[in-house]
2 protein chains.
Amino acid sequence: MITQRQIAERLELSLATVANILSERPGLRYAAATRERVLKTAAEMGYQPNRAAQTVRRRRSNLIGIVHFGAGIEAAHKANLALAADVCARGYDYLAVDMNWHGGSVERVIDELIQARVEGVIISHIQEVFQKEHVDMLTRVGIPVVVVNGERRSGASIICDDVYSAFQALGRHLIQLGHRRILHLWPAVDRLEENRSIGERLKGFRSAIEERGKWVSFSEEEFFTAWPDQLPATGGVMGVTVIQDMEKYSTLNKPVYSFCERLFAASPLPDAIVCTNDVSAIELIAAGLEHGVRVPADVAVTGYDNDRIGEYPAFGLTTAEQDISRICAATVAEICLRIADPHRPPRQQSFPSRLILRTSCGMALAAQSRSKATTTDTVRS
Amino acid sequence: MITQRQIAERLELSLATVANILSERPGLRYAAATRERVLKTAAEMGYQPNRAAQTVRRRRSNLIGIVHFGAGIEAAHKANLALAADVCARGYDYLAVDMNWHGGSVERVIDELIQARVEGVIISHIQEVFQKEHVDMLTRVGIPVVVVNGERRSGASIICDDVYSAFQALGRHLIQLGHRRILHLWPAVDRLEENRSIGERLKGFRSAIEERGKWVSFSEEEFFTAWPDQLPATGGVMGVTVIQDMEKYSTLNKPVYSFCERLFAASPLPDAIVCTNDVSAIELIAAGLEHGVRVPADVAVTGYDNDRIGEYPAFGLTTAEQDISRICAATVAEICLRIADPHRPPRQQSFPSRLILRTSCGMALAAQSRSKATTTDTVRS
DNA sequence: CTGAAAGCGCTTACAG
DNA sequence: CTGAAAGCGCTTACAG
């Protein structure tokens with residue numbers, strides 16, 4: 001590997017001259033000829049700066065850490081790309097750390113980030129596992145933390161999608177289309193009270209329901225005991241959140257798929273099912289295809305995230321799309337501000353998502369009778 | 001940030017003592033008490049080594065670069081996780097670089113890797129874009145390159161799945177089940193002759209067909225002109241590779257989906273369609289759902305990769321699964337050997353994939369008449 | 001068993 | 001306009 005010293009020796013210049021010219025700091029007055037020679041020779045010799053040496057000497061790495069969870073969810077993947085681009089646009093480099101690649105150990109990841117001397121950390125789309133204590137480990141050594149689409153943590157800024165309003169809008173839309181018995185599948189997680197993105201989904205759904213009817217929640221077992229006869233009587237809208245115990249499901253046992261296998265064997269079906277995201281909604285649709293339950297003819301479905309697979313007309317998934325570019329721009333702006341001013345307090349910001357109405361919600365229902373029996377044959381996806 | 005010097009001052013020891021104890025090199029004889037004090041104080045003060053300083057002083061980064069393309073394909077994602085784990089198991093750290101995150105610029109990625117002074121580079125699941133010249137840029141500065149599931153490049157080792165045998169086996173299986181007119185959808189890429197993973201798919205399919213019948217290839221336009229009447233006459237097996245011009249399709253215009261929209265409007269349908277991978281096969285199935293073409297009742301389908309979505313009984317995708325753990329272990333072993341011995345020549349190695357037979361290939365057909373008309377009603381997915 | 005010293009590749013304030 | 005020198009945080013051969 002070529003060093004600045006080697007360039008200096010070759011050109012019989014001092015190391016400082018080479019270093020100054022290569023670093024292109026403004027305000028330096030070197031002879032144009034000297035500049036040319038140095039730049040030309042550096043390129044010829046294939047000089048590449050040694051990042052580690054720069055970091056040691058400058059006492060800053062110019063690195064922003066991006067902690068993410070791989071690309072299981074398309075929207076998260078897109079967001080990560082946008083974050084990386086925005087970080088670079090501001091003159092930083094990034095160190096991307098995939099939690100999966102580290103066996104999911106947060107402590108391990110934090111040590112990596114500190115050892116790399118990152119100047120700030122963006123926590124992208126990570127829920128429970130990233131706790132306040134982890135934020136503290138970073139802030140204690142002067143590394144500010146911004147969470148994007150994750151959980152509120154004291155000491156960390158949070159920038160996120162307004163998932164409450166999105167689920168409220170999805171709920172309202174289903175009601176408006178004439179659906180009356182609406183299920184909401186909800187993945188239970190440990191500390192429910194502090195879980196923003198999952199909690200807000202529930203609150204948004206519930207608020208839409210309670211504008212027009214009654215809302216209850218059940219565990220999976222309770223639900224199958226109560227459904228459909230033991231439900232509280234209501235002439236109008238009835239919303240049921242079914243809390244799925246995620247401890248029961250490994251990732252291989254697709255929880256929504258498993259639930260639907262059981263639900264689709266029972267009768268009657270609910271009018272509509274609100275899923276946590278598009279991946280879950282596709283699980284439901286796959287279960288429906290298998291068991292002859294048609295979406296939306298037999299049951300309407302909504303997702304969240306606007307995954308590509310939902311675009312196929314065969315699925316036609318009604319969903320909502322985050323404003324990824326604004327969210328990511330705000331996130332990177334925030335981490336830069338907090339790097340620049342270590343005493344700047346963390347802030348919160350959220351951005352509305354955009355509804356994407358396709359056929360899975362049973363769009364055509366609106367114009368028709370609200371009685372399921374009479375619409376089944378005419379509504380098609 | 002805490003430095004070794006600060007620990008030394010706090011304990012009134014020399015910097016060398018602290019450094020030696022923290023580095024835990026074998027063969028050093030320090031008083032147990034001194035060791036304890038140093039370790040305890042380091043932990044208390046929250047000492048974390050400065051990686052950059054270590055890299056500068058040791059003149060090696062202990063880093064292996066992993067260049068990948070995000071996680072669009074599940075199998076590639078799994079492989080990347082396995083690579084990372086294997087790299088760590090051998091005492092290296094890794095620097096993961098997602099080509100997407102760098103806007104797809106190979107040169108930019110290579111500069112990053114060199115500036116980080118990685119000791120070796122693994123190119124994971126990247127096809128055309130990574131060329132011989134890129135391998136040369138790395139080897140010229142002493143960084144060995146191992147390609148995993150990508151293309152053969154002079155100067156780079158290659159470890160890959162035996163995709164030839166897999167497609168041969170898929171083809172044979174379809175023939176054995178009684179399918180006679182078999183389509184193979186093939187994404188055309190620039191330098192066909194040097195593209196291993198796509199080229200071997202074609203060769204494997206073709207060899208299976210030619211064992212029992214006749215093989216031809218068409219562009220998409222030629223195909224729709226010729227299908228079905230202009231095909232060469234053959235009493236038995238007829239294999240057609242349809243070369244899709246990928247320049248025509250952005251990622252948004254799903255190429256297999258678009259092709260199927262057109263194909264499913266024509267008639268008759270082929271007996272079976274061999275897709276490049278599971279993602280393509282799902283595109284086909286989605287088009288089928290939309291246009292009332294049933295898999296496998298109306299047309300059989302195979303994929304490749306064993307994506308999770310193919311597991312749903314509604315899709316029941318027949319596919320093949322790479323031996324990811326062996327491939328990745330061999331890849332990491334190879335890069336370590338080449339780092340240890342810079343003169344070691346690059347080598348090639350491939351591992352067989354495992355067929356996964358589900359329903360989409362029309363399994364039940366084998367026991368029945370080979371006439372499509374009579375089997376349609378009894379075969380179900 | 002412990003410490004003084006050199007040096008990795010770079011940056012930067014300062015002298016000439 | 002150019003160069004000599006100090007020093008970032010660490011490692012390591014060597015002296016005591």
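Just so we're on the same page: letters track the sequence lines, and every chain starts at 1. Source: prediction; values computed, not measured. Only this structure's heavy atoms are used, side chains among them; waters, hydrogens and symmetry mates stay out.
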Participant: Sequence neighbours left out, cut at 3.5 Å: what donor-acceptor pairs do the side chains of residues 29-37 of chain A make with other protein atoms?
Facilitator:
| from | atom 1 | to | atom 2 | distance (Å) |
| --- | --- | --- | --- | --- |
| A:Tyr30 | OH | A:Asn20 | ND2 | 3.0 |
| A:Arg37 | NH2 | A:Leu11 | O | 3.0 |

Participant: Can you tell whether the side chains of A:Asp161 and A:Arg196 come within less than 4.0 Å, N to carboxylate O?
Facilitator: yes

Participant: How many whole angstroms separate atom CD of A:Glu9 from atom P of D:dA4?
Facilitator: 12 Å

Participant: Going by ring pair (Phe, Tyr, Trp, His ring centres under 6.0 Å), name the residues that satisfy it together with A:Tyr47, two or more places apart in sequence or in a different chain.
Facilitator: none

Participant: Generate the contact string for nucleotides 8-16 of chain C. Rules: B means base contact, S means sugar-phosphate contact only, - means no protein heavy atom under 4.0 Å.
Facilitator: BBBBB----

Participant: Is the closest basic N to carboxylate O distance between B:Arg344 and B:Asp341 below 4.0 Å?
Facilitator: no

Participant: Taking salt bridge (charged side-chain N to carboxylate O under 4.0 Å, His left out) as the test, write out the residues that go with B:Arg140, two or more places apart.
Facilitator: none

Participant: Where along residues 32-40 of chain B does a heavy atom come under 4.0 Å from DNA chain D, residue by residue in number order?
Facilitator: none

Participant: Side chain to side chain contact (heavy atoms under 4.5 Å, CB included), that's the test. Do B:Gln348 and B:Ser157 meet it? Break it down for me.
Facilitator: CA-CA 6 Å; B:Gln348 307 196 356; B:Ser157 303; over 6 Å; no

Participant: Defining pairs by Watson-Crick or G-U wobble geometry with both distances under 3.5 Å, how would you list the stems of DNA chain D with at least three pairs each?
Facilitator: C:1-3 with D:14-16, C:5-12 with D:5-12, C:14-16 with D:1-3

Participant: What's the spacing between A:Ser350 OG and A:Ile159 CD1 if we round to 0.5 Å?
Facilitator: 9.5 Å

Participant: Just do the side chain to side chain contact (heavy atoms under 4.5 Å, CB included) check on A:Met99 and A:Val67 with the steps written out, would you?
Facilitator: CA-CA 7 Å; A:Met99 293 269 295; A:Val67 183; 3.7 Å; yes

Participant: Hey, mind stepping through B:Gln115 and B:Arg117 against side chain to side chain donor-acceptor pair (under 3.5 Å) and telling me if it holds?
Facilitator: CA-CA 5 Å; B:Gln115 288 173 16; B:Arg117 299 295 189 266; over 6 Å; no

Participant: Identify which nucleotide among C:dC1, D:dC1, C:dG3 has an atom closest to any side-chain atom of A:Arg29, counting heavy atoms from C-beta outward.
Facilitator: D:dC1

Participant: In plain terms, say whether B:Asp86 and B:Arg90 are close enough for a salt bridge, that is, a side-chain N and a carboxylate O under 4.0 Å apart.
Facilitator: no

Participant: So, is A:Ser14 close to the D:dG3 phosphate, meaning a side-chain N or O under 4.0 Å from OP1 or OP2?
Facilitator: yes

